[in-house]
Protein chains: 2
Amino acid sequence: MHPLHQLIHSFSPINEKSWQQLFEHCEELTIAKGKNFIREGEKEKYIGFIMEGTMRQYYSRDNGEEITTYFYFENNLVSSYISCINNTPSQITIEALEKTKLLIFNYSVINELYNKEKVWERFGRKIAEYLAAGLEERMVSLLMDKPEDRYKKLLNSTNKQKILARIPQHYIANYLGITPISLSRIRNRLSKNK
Amino acid sequence: MHPLHQLIHSFSPINEKSWQQLFEHCEELTIAKGKNFIREGEKEKYIGFIMEGTMRQYYSRDNGEEITTYFYFENNLVSSYISCINNTPSQITIEALEKTKLLIFNYSVINELYNKEKVWERFGRKIAEYLAAGLEERMVSLLMDKPEDRYKKLLNSTNKQKILARIPQHYIANYLGITPISLSRIRNRLSKNK
DNA sequence: TAAATTCGTTAACAAAAGATAATAAATTGA
DNA sequence: TCAATTTATTATCTTTTGTTAACGAATTTA
């Protein structure tokens with residue numbers, strides 16, 4: 001089974017024939033390190049599936065400052081999801097942190113599949129529910145936990161160990177809602193308490 | 001059209017017959033001020049639709065402290081959504097801030113409707129997408145905006161004016177991710193700059 | 001390889017936020 | 001109605017965070 005088919009299947013059972021309806025619209029795309037997959041302001045809507053590589057998602061302030069809000073790795077779906085569902089220009093930019101191989105398809109393809117088959121509609125529901133649950137958890141952590149606790153959670157999350165291994169620290173600081181300097185101090189504090 | 005039917009219809013077109021499949025499982029429930037609709041740890045999953053009243057949603061810390069994360073008003077759906085979709089005990093409590101009249105139905109009912117009809121499955125997708133978009137916006141605001149800016153946004157959001165009118169300030173402070181004292185200082189600062 | 005850039009840490013100071021306590025105003029309930 | 005509780009503000013002190021700048025280490029690239 002293709003890794004993307006497998007991922008989709010884990011949300012909603014999609015048989016080989018239905019899968020082909022998506023797969024025949026997929027293309028491969030390789031993004032060089034530092035280049036963007038999705039750019040702020042863009043209207044063309046693509047969904048990507050990471051075969052290999054790492055990406056970061058960020059919002060930009062008026063002064064050009066970039067605020068990193070998410071990281072993507074192998075087997076992750078990557079897109080400006082909000083701009084797809086609301087049909088608005090993307091507010092985010094998604095950049096390759098290393099050379100990244102993607103399988104991509106246009107959002108309109110998946111949108112048509114939603115109309116065609118109930119199992120695809122279910123996939124759409126499940127993926128949105130999964131996203132909402134993740135966002136809620138993140139939001140609650142921002143409201144309830146101190147920065148130091150958020151960093152500790154990141155350290156303990158086996159799933160996110162790769163974040164620490166592959167991602168420059170100042171991006172992680174953004175992700176935690178603090179400055180790189182503050183993260184450096186937290187790390188210093190933690191290393192002394194051992 | 002029943003106000004709940006109308007709300008559902010705005011996400012996915014549901015005809016009268018399909019609507020009745022939900023409506024026949026609905027019950028009315030009135031919650032007195034200060035009483036809970038959903039309690040932390042609870043497994044029974046109900047969805048409520050507010051006919052009249054105001055509710056607040058909160059998480060509890062180990063020390064008993066309550067962190068308010070959401071407010072609900074007339075025509076809002078209210079539930080421990082995450083615990084419904086993940087089938088886990090509720091982490092949140094939802095309390096009536098004033099006497100609140102609800103129309104309620106069990107989550108299992110809507111879950112069965114997802115299986116029965118594609119239009120219901122679509123409703124499920126649309127509502128999850130709507131939720132995800134709202135949560136992302138909130139999360140980004142927590143990462144990018146200063147507390148003062150978040151409060152200003154709240155002031156400018158016509159939709160949320162009723163929050164200010166009906167909700168005690170220390171709950172709003174929680175919602176903004178700051179202490180009541182800090183919110184009081186922000187208000188003081190803003191009133192002087194006029 | 002050498003020069004340039006990026007990255008992480010540290011220091012010093014300023015600004016903001018949290019904690020605690022006191023007080024006044026508003027609301028609630030017996 | 002009046003005492004009790006809740007709510008909002010203010011003051012003081014402490015802690016944390018942000019800001020700016022400096023420095024060395026690591027990485028990139030010409």
Side-chain angles (χ1 to χ4, degrees), chain A residues 31-35 53-54 56 58 61-68 71 95-100 141-152 154-155 163-194, chain B residues 31-35 53-54 56 58 61-68 71 95-100 141-152 154-155 163-194:
Chain A
I31 315 250
K33 179 174 180 173
K35 299 295 180 190
T54 312
R56 84 173 169 112
Y58 63 87
R61 276 197 230 275
D62 298 337
N63 65 9
E65 203 185 340
E66 299 170 355
I67 309 295
T68 300
F71 305 107
E95 174 198 67
L97 289 178
E98 29 184 273
K99 182 182 164 189
T100 299
S141 180
L142 287 169
L143 286 177
M144 295 187 69
D145 300 336
K146 286 180 295 185
E148 186 168 319
D149 295 332
R150 292 203 288 278
Y151 182 63
K152 281 185 194 164
L154 194 66
L155 288 177
I163 290 183
L164 303 162
R166 296 205 230 169
I167 311 280
Q169 205 164 292
H170 61 287
Y171 294 149
I172 297 176
N174 282 178
Y175 178 86
L176 296 171
I178 53 179
T179 60
I181 291 117
S182 194
L183 177 55
S184 186
R185 283 193 282 232
I186 286 169
R187 285 161 55 83
N188 185 320
R189 243 180 284 152
L190 290 179
S191 71
K192 279 177 186 166
N193 294 349
K194 272 180 189 169
Chain B
I31 315 250
K33 177 174 181 172
K35 299 295 179 188
T54 311
R56 84 174 168 112
Y58 64 87
R61 274 197 232 275
D62 298 335
N63 64 11
E65 203 184 338
E66 299 171 354
I67 308 297
T68 300
F71 305 107
E95 173 198 68
L97 289 177
E98 28 184 276
K99 182 182 163 188
T100 299
S141 180
L142 288 169
L143 286 176
M144 295 186 70
D145 301 335
K146 286 179 294 185
E148 186 168 322
D149 295 333
R150 291 203 289 278
Y151 182 63
K152 280 184 194 163
L154 194 66
L155 289 175
I163 289 183
L164 302 162
R166 295 204 229 170
I167 310 279
Q169 204 164 291
H170 60 288
Y171 294 150
I172 297 176
N174 281 179
Y175 179 86
L176 296 171
I178 53 178
T179 60
I181 292 115
S182 197
L183 178 54
S184 186
R185 283 192 282 233
I186 287 169
R187 284 162 55 83
N188 185 320
R189 243 181 284 153
L190 290 179
S191 71
K192 278 176 184 165
N193 294 350
K194 273 180 187 169

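Worth knowing before you read on, the calculation uses all heavy atoms, side chains too, and leaves out hydrogens, waters and symmetry mates. Order of the sequence lines sets the chain letters (A, B, ...), proteins ahead of strands, with each chain counted from 1.
Checking the phosphate oxygens (OP1, OP2) of dT10(D), a side-chain nitrogen or oxygen of Asn188(B) falls inside 4.0 Å. Remark: Gln169(A) is in phosphate contact with dT9(C), judged by side-chain N or O atoms under 4.0 Å from OP1 or OP2. Residue Arg189(B) has a polar side-chain atom (N or O) positioned under 4.0 Å from OP1 or OP2 of dA17(C). Within the structure, every side-chain polar atom (N or O) of Lys146(B) is placed at least 4.0 Å from both OP1 and OP2 of dA15(C).
Closest contact between the side chain of Ser184(B) and the listed nucleotides dG18(D), dT9(C), dT10(D) involves dT10(D). Of the candidate nucleotides dT19(D), dT10(D), dA8(D), dT19(D) has the atom nearest to the side chain of Thr179(A). When each of dG18(C), dA8(D), dT20(D) is scored by its nearest atom to the side-chain atoms of Pro168(B), the top-ranked nucleotide is dA8(D). When each of dC7(C), dT10(D), dA8(D) is scored by its nearest atom to the side-chain atoms of His170(A), the top-ranked nucleotide is dC7(C). When each of dT28(D), dA17(C), dA11(C) is scored by its nearest atom to the side-chain atoms of Ile181(A), the top-ranked nucleotide is dA11(C).
Following rounding to the nearest Å, Glu148(B) (CD) and dA16(C) (P) show an atom-to-atom distance of 8 Å. Between the CG atom of Asp145(A) and the C1' atom of dG18(C) there is a distance of 16 Å, rounded to whole Å. Between the P atom of dC7(C) and the CD1 atom of Ile172(A) lies a distance of 12 Å, rounded to the nearest Å. One interatomic measurement links the two molecules: CD1 of Ile186(A) to C1' of dG18(D), which rounds to 13 Å at whole-angstrom precision. The distance from atom CG of Asn174(A) to atom C1' of dG8(C) is 14 Å, rounded to the nearest whole Å. In this entry the distance linking CD of Glu65(B) with C1' of dA19(C) reads 11 Å, nearest Å. Here dT16(D) presents its P atom at 12 Å from CG of Asp149(A), a figure rounded to the nearest Å. The separation between Leu176(A) atom CG and dT16(D) atom P is 17 Å, rounded to whole Å.
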Arg150(B) and Leu142(B): CA distance, side-chain angles, deciding distance, side chain to side chain contact (heavy atoms under 4.5 Å, CB included) verdict: CA-CA 8 Å; Arg150(B) 291 203 289 278; Leu142(B) 288 169; 3.5 Å; yes
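The shortest distance between side-chain heavy atoms of Ile167(B) and Arg56(B) does not fall below 4.5 Å. At least one side-chain heavy atom of Leu190(A) sits under 4.5 Å from a side-chain heavy atom of Lys152(A).
Heavy atoms of Pro147(A) sit under 4.0 angstrom from primed sugar atoms or phosphate atoms, though from no base atom.
If you find the closest nucleotide of DNA chain D to Gly177(A) and to Lys33(A), the one lying nearer the 5' end belongs to Gly177(A).
Exactly one residue among Lys33(B), Lys99(B), Arg166(B), Glu95(B) makes a side-chain hydrogen bond (donor to acceptor under 3.5 Å, both in side chains) with Thr54(B). That residue is Arg166(B).
Residue Arg185(A) places no side-chain atom within donor-acceptor reach of the base of dG8(C), judged by atom type and a 3.5 Å distance cut-off alone.
Under 3.5 Å, the side chains of Tyr151(B) and Arg187(B) contain a donor-acceptor pair of N or O atoms.
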